[in-house]
Amino acid sequence: MAMVAARAGVSGQTVSRVVNGSPRVDPETRARIESAMAELGYRPHRAARALRTGRSQTIGLVLTTLTTFGNSRMLQATAEAAAERGYALVLVTAANGVDAAFAALAEQEVDGAIVLNEASAQVAADALPHGLRLVMVDAPHTVGLTVVHSDHAGGAFAATTHLLKRGYASVHHLAGPADSFAAIERERGWRKALTAADVEVPEPVRGDWSAESGYESGTALSAAPAVFCANDQMALGLLRAFAEQRRGVPADVGVIGFDDVPDATNYQPPLTTIRQDFAALAHRAVDALIADIEGTEAASAEAIVATTLIERESTR
């Protein structure tokens, strides 16, 4: 490290910041240090660093499934964000409950963990794992914990308002699971938009995030003037159901989703949707967790990441 500092013309402390992924180094200096590291063949030794700092430079990621687009995209984005900060990522599932997942992470001596979406709903505020720093993604703001989430309610409000402004008399809702924070918030935004427009709020139809549940909901939504779907996968199934019913989209019924999956432009018709910024979510979560681990800021906070309406042909 001293050789790298001498080659780059900086202090050893500055080299240490770059090695540890600290954002407090200007880009030009960082590039000079990284160039010196490459020229000298310097690589950080994770085990030695763990002995010196008392930290493993490893964080955990707890989730229930990778079948949903949001969870799989968050896995990729979190791994990338952690690597940028010099941390490795350990993935565990909460198939047997979050307590078992936390126990597995404790055995691997991770420095902290990020808990995603449905797994967050399983975390009881009065039974938090002792000694394990946590950041929750898509959860209510629990005292003592940092939570990070998209503006689900704001996105749902924008989606519903968009359909009403396009001339649809009412907007029905294909909701997500009742125990999902994201689904609850999206339903809340939908209700708020209809109430603000003085439009009667119909009973929502509930799915399980899958395209199959969207398809199976087609019968219950066969008379809906427009539908706000809580995610794009359910919207895809609903589009198939409407095609089989010979209902034209958007002429007979408007459809809008949530997430903006990569294939949304290849649906028939291309899907209007609400885009989540998964990279921003992951960076916020990773930065908050590392700040807690390194003691650089308060452990309890709430960060909300904005969503964006992406208009395509499925709305008139």
Going by distance alone, is a donor N or O of one side chain under 3.5 Å from an acceptor N or O of the other, for Asp208 and Ser213?
-> yes
Could I get the full list of side-chain hydrogen bond (donor to acceptor under 3.5 Å, both in side chains) partners for Thr265, not counting sequence neighbours?
-> none
Applying side chain to side chain contact (heavy atoms under 4.5 Å, CB included), run through Glu200 and Ser170 and close with a yes or a no.
-> CA-CA 8 Å; Glu200 183 179 353; Ser170 180; over 6 Å; no
With respect to Leu105, which candidate in Val90, Thr58, Leu61, Ile59 satisfies the side-chain contact (heavy atoms from CB on, under 4.5 Å) definition?
-> Val90
Is there side-chain contact between Val255 and Cys229, with at least one heavy-atom pair below 4.5 Å?
-> yes
Given side chains that start at C-beta, do those of Pro225 and Leu163 come closer than 4.5 Å, heavy atoms only?
-> no
Side-chain contact test, heavy atoms from C-beta onward, threshold under 4.5 Å: evaluate it for Gln233 versus Phe69 and give yes or no.
-> yes
Any donor-acceptor N/O pair, Asp138 side chain to Ala182 backbone, under 3.5 Å = no
Residue among Glu185, Arg284, Glu302 satisfying side-chain hydrogen bond (donor to acceptor under 3.5 Å, both in side chains) with His149 | Glu302
Evaluate the side chain to side chain contact (heavy atoms under 4.5 Å, CB included) criterion for residues Val286 and Tyr87: first the C-alpha distance (whole Å), next the side-chain angles of each, then the deciding distance (0.1 Å), finally the verdict.
-> CA-CA 9 Å; Val286 168; Tyr87 279 71; over 6 Å; no
Heavy atoms of other groups near Gln13 CD, more than 12 under 6.0 Å = no
Give the cluster check for Val171 versus Leu174: same hydrophobic cluster or not, with ILVMFWY residues linked at side-chain heavy-atom distances below 4.5 Å.
-> no
Evaluate the side-chain proximity of Val115 to Val123: yes if any heavy-atom separation is below 4.5 Å, no if none is.
-> yes
Qualifying residues under side-chain hydrogen bond (donor to acceptor under 3.5 Å, both in side chains), relative to Asn266, sequence neighbours excluded = none
Check: Arg133 and Leu289 side chains under 4.5 Å, non-hydrogen atoms | yes
Under a single-linkage rule joining Ile, Leu, Val, Met, Phe, Trp and Tyr whose side-chain heavy atoms are separated by less than 4.5 Å, which residues share a cluster with Phe157?
-> none
Quick one: does Thr160's side chain have a donor or acceptor within less than 3.5 Å of a partner on Ala156's backbone?
-> yes
Examine Trp209 and Phe228 and state if one hydrophobic cluster contains both, with Ile, Leu, Val, Met, Phe, Trp and Tyr joined whenever side-chain heavy atoms are less than 4.5 Å apart.
-> no
Compile the donor-acceptor pairs under 3.5 Å between side chains in residues 269-281 and protein atoms, sequence neighbours left out, one pair per line.
residue: Thr272; atom: OG1; partner: Arg312; partner atom: N; Å: 2.8
residue: Thr272; atom: OG1; partner: Arg312; partner atom: O; Å: 2.9
residue: Thr272; atom: OG1; partner: Thr315; partner atom: OG1; Å: 2.9
residue: Thr273; atom: OG1; partner: Asp232; partner atom: OD1; Å: 2.8
residue: Thr273; atom: OG1; partner: Asp232; partner atom: OD2; Å: 3.4
residue: Thr273; atom: OG1; partner: Gly257; partner atom: O; Å: 3.4
residue: Thr273; atom: OG1; partner: Phe258; partner atom: N; Å: 3.2
residue: Thr273; atom: OG1; partner: Asp260; partner atom: N; Å: 3.3
residue: Arg275; atom: NE; partner: Asp260; partner atom: OD2; Å: 2.7
residue: Arg275; atom: NH2; partner: Asp260; partner atom: OD2; Å: 2.8
residue: Gln276; atom: OE1; partner: Ser150; partner atom: OG; Å: 2.5
residue: Gln276; atom: NE2; partner: Asp259; partner atom: OD1; Å: 2.7
residue: Asp277; atom: OD1; partner: Ala279; partner atom: N; Å: 3.4
residue: Asp277; atom: OD1; partner: Ala280; partner atom: N; Å: 3.0

Could I get the full list of side-chain hydrogen bond (donor to acceptor under 3.5 Å, both in side chains) partners for Thr308, not counting sequence neighbours?
-> none
hydrophobic_cluster_shared for Val249 and Leu309, side chain cutoff 4.5 Å | no
Candidates His152, His173, Arg206 - the one meeting side-chain hydrogen bond (donor to acceptor under 3.5 Å, both in side chains) with Glu187 | Arg206
Output for pair (Met136 CE, Asn117 CG), nearest 0.5 Å, gives 10.5 Å
Is it true that the side chains of Glu118 and Gln122 contain a donor and an acceptor less than 3.5 Å apart?
-> no
Cluster overlap Trp190 with Phe181, hydrophobic side-chain contacts below 4.5 Å = no
Does Gln57 offer a backbone N or O that forms a donor-acceptor pair with the side chain of Asp111 under 3.5 Å?
-> yes
In terms of hydrophobic clustering (I, L, V, M, F, W, Y; side-chain heavy atoms under 4.5 Å; direct or indirect links), are Leu89 and Ile293 co-clustered?
-> yes
For Ala8, enumerate each residue passing the side-chain contact (heavy atoms from CB on, under 4.5 Å) test, keeping only those at least two apart in sequence or located in another chain.
-> Val10, Arg32, Ile33, Ala36
